[in-house]
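A note on names: the letters A, B, ... follow the listed sequences, proteins ahead of strands, and every chain is numbered from 1.
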Protein chains: 2
Amino acid sequence: MTTRPVPDATVTRLPLYLRVLVELADQGEATVSSDVLADAAGVSSANVRKDLSHLGSYGTRGIGYDVAHLIHEIRRSLGLTQHWSILIAGVGNLGQALARYKGFAERGFRVAALIDVDPAKVGTRIDGMEVRHLDELPKLVRAERVAIGVIATPATDAQDVADRMVQAGLRSILNFAPAMLTVPEGVTIRKVDLAIELQILSYYEKRDALRELKGSVGKPGGAIAGS
Amino acid sequence: MTTRPVPDATVTRLPLYLRVLVELADQGEATVSSDVLADAAGVSSANVRKDLSHLGSYGTRGIGYDVAHLIHEIRRSLGLTQHWSILIAGVGNLGQALARYKGFAERGFRVAALIDVDPAKVGTRIDGMEVRHLDELPKLVRAERVAIGVIATPATDAQDVADRMVQAGLRSILNFAPAMLTVPEGVTIRKVDLAIELQILSYYEKRDALRELKGSVGKPGGAIAGS
DNA sequence: CAATGTGAAGACCTTCACAGCC
DNA sequence: GGCTGTGAAGGTCTTCACATTG
């Protein structure tokens with residue numbers, strides 16, 4: 001049995017479905033239709049069906065999808081049957097907030113290590129975890145079996161940290177620093193840039209303000225799914 | 001002169017170009033080619049040229065783009081010629097980090113108000129700014145001319161806060177809560193879900209681990225642009 | 001009958017390739 | 001010669017619409 005490749009666009013929505021499904025399961029729902037799931041996730045029902053069809057045929061015509069089963073299949077597909085350990089580099093404002101964020105543990109991600117270069121920070125504890133020096137990164141990755149690196153450093157340090165992470169064997173990096181990172185083939189990077197999100201909103205805010213002024217109608221311009 | 005509609009995909013990249021261009025300007029570069037800009041932003045040069053062509057013809061054949069002029073045009077297109085005031089709802093871990101984040105001010109976004117419902121937090125100061133009660137939201141939006149609302153509350157409170165923001169006249173919302181929000185037509189929402197980003201990485205991490213195991217080559221699977 | 005699964009059509013975006021211009 | 005701007009081609013994703021099935 002070969003795992004068919006799941007389209008990237010689908011991969012970004014699976015976690016969304018998963019969250020909705022877990023909520024439904026908590027509410028005691030046994031099955032769910034693509035219509036209901038679509039509404040709750042903010043996409044079209046055809047899109048839901050197409051997405052889920054990439055995982056296999058787990059629905060029942062006339063009934064819908066078995067909630068528990070679908071949760072299992074999505075978890076499996078996303079690789080969430082195992083827990084992952086993450087390492088956070090940079091414990092400034094954002095890094096500290098991430099280190100304390102409870103949402104990670106709830107979804108199976110363990111913050112296994114915190115690192116920084118600032119002597120004033122190294123050795124302190126955040127949420128019970130000691131901040132270690134950047135130089136210990138390789139040792140920590142090995143000892144804690146870290147799989148994902150999170151970069152929350154200033155932009156100027158981001159590339160160096162990324163290089164060290166790759167060097168230490170990490171192949172998945174989540175970058176919060178406002179900098180473009182270069183990594184070798186085979187390393188996956190995702191980035192979240194907070195200021196860029198605001199700049200994108202600025203565009204639509206300005207556009208809508210103009211439209212209102214002119215009284216023109218244009219295209220809907222409704223809610224835009226982020227991320 | 002009608003402002004031609006800029007494709008959504010282009011809008012998400014303009015802030016990226018802007019950041020690179022500002023760096024180039026700081027380094028004293030007067031002009032830049034689509035090739036150089038593309039490399040620095042991590043996209044193809046054809047993509048850069050197509051994107052910029054949506055703003056107008058600001059390049060010079062044989063030379064490239066004038067850095068200062070392009071910065072100006074992108075700022076104008078994104079609505080960044082004016083400064084925007086934002087309001088942050090929820091001053092837990094993440095909200096506090098956002099409140100203190102210097103990157104916003106650098107790009108023209110002023111944190112104008114902080115609100116929460118927790119009596120232990122209301123009245124305290126974060127980075128010199130007093131935390132106000134949620135009930136004061138409409139007053140604050142008016143007084144501070146807030147244009148963008150940022151939701152950093154627990155998921156359970158997010159929809160209520162969004163409703164109040166819309167009620168108070170906000171039409172642009174950045175949502176960090178892991179919840180799907182419903183808003184009326186004409187309100188733009190972007191969302192950033194930190195745990196979802198990790199789950200997406202998990203998929204590729206698992207896929208690549210499998211590939212390595214099997215020794216198959218498949219498709220490149222290189223760096224994936226986030227956001 | 002209700003709801004999935006899916007070809008086909010359509011929308012959107014990216015890449016190609018080169019004419020046009022400095 | 002170098003680099004932009006852009007039609008055309010190619011790819012990916014979404015929506016449509018309906019045959020299929022429990």
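- Between Tyr65(B) and Arg13(A), the one whose closest nucleotide on DNA chain D sits nearer the 5' end is Tyr65(B).
- The nearest whole Å value for the distance from the CG atom in Asp35(A) to the P atom in dA17(D) is 16 Å.
- Looking at the side chain of Ala9(A), the nearest of the listed nucleotides dT14(C), dC13(D), dG5(C) is dC13(D).
- Put simply, the side chain of Tyr65(A) does not reach to within 4.5 Å of the side chain of Val36(A), judged on heavy atoms.
- Using cut-offs of 30° and 60° for the angle between ring planes, the Phe104(B) and Tyr101(B) rings count as perpendicular.
- Out of dT4(C), dG22(D), dC13(C), the shortest distance to the side chain of Ser34(A) is found at dT4(C).
- Spacing between atom CD1 of Ile63(B) and atom P of dT4(D) amounts to 10 Å, rounded to whole angstrom units.
- The CG-P distance, from Asn47(A) to dC16(D), rounds to 11 Å in whole Å.
- Aromatic ring centres of His83(B) and Phe109(B): separated by at least 6.0 Å.
- The separation between Tyr58(B) atom OH and dT6(D) atom C1' is 17 Å, rounded to whole Å.
- Leu37(A) has its CG atom 13 Å from the C1' atom of dT4(C), to the nearest Å.
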Inset, instruction - Decide side-chain hydrogen bond (donor to acceptor under 3.5 Å, both in side chains) for Gln159(B) and Asp163(B); before the verdict, give the C-alpha distance in whole Å, the side-chain angles of both, and the deciding distance to 0.1 Å. - result: CA-CA 6 Å; Gln159(B) 183 65 57; Asp163(B) 291 344; 2.8 Å; yes
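- Spacing between atom CD of Glu73(A) and atom C1' of dT4(C) amounts to 16 Å, rounded to whole angstrom units.
- Under 4.0 angstrom from either OP1 or OP2 of dT4(C) there lies no side-chain N or O belonging to Thr60(A).
- What separates NZ of Lys50(B) from P of dA17(C) is a distance of 14 Å, to the nearest Å.
- Contact check for Thr12(A) versus Ile196(B): no side-chain heavy atoms found under the 4.5 Å cut-off.
- Between dA19(C), dT14(D), dT4(C), one nucleotide has an atom nearer to the side chain of Arg61(B) than all others, and that is dA19(C).
- Spacing between atom CZ of Arg49(A) and atom C1' of dT21(D) amounts to 14 Å, rounded to whole angstrom units.
- Nearest to the side chain of Ser33(B), among dG22(D), dC3(D), dT15(C), sits dC3(D).
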